[in-house]
Amino acid sequence: MPTVSFIDAIPRHVSVEEHRILTGATPASFSDIPPVLKQKVDSVRVAFDPPLDGFSPEDGALGTLYIIESVLAFQSSTGRAFQIEYPSITLHAISRGDSGPFVYCQLDEPPAADAPPPDGDDALGMRELSLTPQDSTSLDPIFEALSTCASLHPDPQESDDDDGDDDDAFIDPDTTQFEVFTGEGDEELSEVGRAALAHLESIIHDPYARQHDDHEADSKANGAQEEGQFSDGEELS
């Protein structure tokens, strides 16, 4: 199945409130309840790199983004629409580069059935997707909705690997040593790997880092204010 599938209509879904009502009524089968729409964002521009066959720049210029629990979907103003299943989204982050803020996604792109077998660094198939809302305040809600939906669809390959490692289910942090890439000794990234790492570091923004910085700034400001209050009190006494 291709990573990006063209569709005729956005998949059926319900709002959070509709889902609450349906589940509260004890339906005959919970599997019949449509997935929840976590976020809907209008006026979004999307772009693929490399470009996606059958999806023109005009198709990606303007449309509505649907972050549904089952899939990520987009409906263009031209009528073209696509959906992506969450296990195919291997990475998502907020980029605040010079080109403007957007949500960056890496898609796992399997080679076509008739494609020659890849070799070396070309074996890692990947396509990049950018989601750029006209309203930049939508970036964090899009990121958070993607994170929530991705957690509902763990990679089945990783699940299979974990099944055979029951002894490692609980890790003692005092005795376990993790191997970390440091660039020392014989460790060395390939040229493609270094380029990919530099590219990601240049565009990825941690949306929670800003919250942490703001929290530290508030704490310092409050501390300075309290110190000033005590100083004033000492002068008056």
*Could you tell me whether the side chain of Val41 reaches within less than 4.5 Å of the side chain of Thr64, counting heavy atoms only?*
no
_For residues Val103 and Tyr86: do they belong to one hydrophobic cluster (side chain heavy atoms under 4.5 Å, members Ile, Leu, Val, Met, Phe, Trp, Tyr)?_
yes
*asked:* Just so I know, are the side chains of Ile142 and Ile67 near enough to count as touching, which here means a heavy-atom distance under 4.5 Å?
replied: yes
*Do the side chains of Val71 and Pro11 get nearer than 4.5 Å, heavy atoms only?*
yes
_Within a 6.0 Å radius of atom CZ on Arg127, are there more than 12 heavy atoms belonging to other residues, nucleotides or ligands?_
yes
*How far does NE2 of His92 sit from CG of Leu129, to the nearest 0.5 angstrom?*
12.0 Å
_Which heavy atom of Gly54 sits nearest to which heavy atom of Asp59, and what is that distance?_
O-OD2, 4.0 Å
*Ignoring hydrogens and angles, state whether a donor on the side chain of Thr132 or Ser130 is under 3.5 Å from an acceptor on the partner side chain.*
no
_According to ring-ring contact (aromatic ring centres under 6.0 Å, His included), who are the partners of Phe74, at least two apart in sequence or on a separate chain?_
Phe82
_Is any side-chain heavy atom of Leu107 closer than 4.5 Å to one of Thr90?_
no
*Could you identify which residues cluster with Ile21, counting Ile, Leu, Val, Met, Phe, Trp and Tyr as linked when any side-chain heavy atoms lie under 4.5 Å apart, either directly or through a chain of such contacts?*
none
*Using only heavy-atom distances, determine whether the side chains of Gln75 and Tyr66 contain a donor-acceptor pair under 3.5 Å.*
no
*Side-chain contact test, heavy atoms from C-beta onward, threshold under 4.5 Å: evaluate it for Thr148 versus Phe143 and give yes or no.*
no
*Determine whether more than 12 heavy atoms belonging to other residues, nucleotides or ligands lie under 6.0 Å from atom CG of Asp49.*
yes
_Cation-pi check, Arg80 onto Phe55 ring (under 6.0 Å, within 45° of axis)_ = no
